[in-house]
Amino acid sequence: SSDTDTLLCQDRGGCVKLFDLERSGYVIKDEVQTNHTGFARALKISEKQLAVPSDNSDILIFDLKQSAMKSSHKLSFAEEHCGQIMSMMAFNFSTDTTYLLAGYESGHLVLWDLKEAKMVHSLKFDFCLSSIDYDPSTNRGVLSTPLIQQIHVFGIDRAKLELFLKD
């Protein structure tokens with residue numbers, strides 16, 4: 001992930017590195033070891049926040065404006081045996097709240113409210129969720145799995161903040 005003056009990368013061992021662009025090129029600003037070696041990678045949510053899957057189904061949220069990258073809070077899904085986080089994506093319905101969708105190895109699709117740092121709703125599928133995409137303007141999301149060549153379509157009831165399958 002990159003923007004005009006920073007670069008974010010994660011190596012296969014789980015180390016997340018943040019670089020600043022200086023006149024001589026990119027210079028490492030900070031790094032954090034996550035021990036997450038799964039499919040989902042660190043996700044830059046905004047100029048201020050970074051979501052990083054940890055090695056135990058948790059999502060760590062980092063404040064990028066601190067001088068050193070330290071986790072500001074942790075999102076923990078209470079279900080047993082949910083496995084690794086396979087995919088994540090962030091979006092906004094409005095300017096004041098950012099939401100995060102996370103797909104788990106167990107088939108759980110979880111909607112997180114990042115402002116409140118809490119789970120809002122979840123759906124359970126019979127397959128691993130390897131990829132997620134969602135467009136808030138059309139309220140249309142898609143899920144896929146590596147095991148079955150099939151795409152599932154979902155939406156979010158904005159009044160109730162509940163996930164639902166679309167036909």
Please tabulate, for the side chains in residues 117-127, all donor-acceptor contacts under 3.5 angstrom to protein atoms that are two or more places apart in sequence or on a different chain.
from : atom 1 : to   : atom 2 : distance (Å)
H121 : ND1    : L163 : N      : 3.0
K124 : NZ     : S106 : O      : 2.6

Requested in this report: Check the surroundings of atom NZ in K48: do more than 12 heavy atoms from other residues, nucleotides or ligands lie under 6.0 Å from it?
Outcome: no

Notebook entry, point to check: Side chains of M88 and L101: closer than 4.5 Å at any heavy-atom pair?
Noted result: no

Checking V110, I85, D58, L100 against L75 for side-chain contact (heavy atoms from CB on, under 4.5 Å), the one that qualifies is L100

NZ of K44 to CG of L7, rounded to nearest 0.5 Å, is 9.0 Å

Q. Between F93 and Y99, is the ring centre distance below 6.0 Å?
A. yes

- Evaluate side chain to side chain contact (heavy atoms under 4.5 Å, CB included) for H152 paired with V142, printing each intermediate quantity in order. CA-CA 6 Å; H152 298 271; V142 292; over 6 Å; no

In short, Y104 meets C82 closest at the heavy-atom pair CB-O, 3.5 Å

Heavy-atom distance under 4.5 Å between the side chains of L50 and L8, does that happen here? yes

Checklist line | Beyond-backbone contact of I59 with V52, side-chain heavy atoms, under 4.5 angstrom | finding: no

The side-chain hydrogen bond (donor to acceptor under 3.5 Å, both in side chains) partners of S137 (sequence neighbours excluded) come to D135

Are the side chain of E31 and the backbone N or O of K17 linked by a donor-acceptor pair below 3.5 Å? no

Note: V16 and A42 closest approach over all heavy atoms is CG2-CB, 4.0 Å

Check: Would you say R140 has more than 12 foreign heavy atoms packed within less than 6.0 Å of its CZ?
Finding: no

Would you say L143 and F154 make side-chain contact, with heavy atoms under 4.5 Å?
yes

Is there a path of hydrophobic side-chain contacts, each under 4.5 Å between heavy atoms, that joins I28 and V32?
no

Note: A102 and W112 closest approach over all heavy atoms is CB-NE1, 4.0 Å

Heavy atoms of S87 and S130 approach each other most closely as CB-O, 3.6 Å

For C128, does its backbone N or O pair with a side-chain atom of T145 as donor and acceptor, under 3.5 Å? yes

Minimal heavy-atom distance between A51 and I45, with the atoms involved, is CB-CD1, 3.6 Å

| Checking T98 side chain against N92 main chain: does a donor-acceptor pair fall under 3.5 Å? | no

Taking every heavy atom of L43 against every heavy atom of A90, the minimum-distance pair comes out as CD2-N, 3.7 Å

- So, does N139 use its side chain to make a donor-acceptor pair with the main chain of I156 at under 3.5 Å? yes

So CZ of F62 and CD of Q49: to nearest 0.5 Å the spacing works out to 12.0 Å

Regarding S131 and S144, is there a side-chain donor-to-acceptor distance under 3.5 Å anywhere? yes

Original post:
Any side-chain heavy atom of K29 sitting closer than 4.5 Å to one from F19?
Top reply: no

> Does L165 belong to the same Ile/Leu/Val/Met/Phe/Trp/Tyr cluster as I132, with side-chain heavy atoms less than 4.5 Å apart forming each link?
Replying inline: yes

| Is any side-chain heavy atom of P136 closer than 4.5 Å to a side-chain heavy atom of R158? | yes

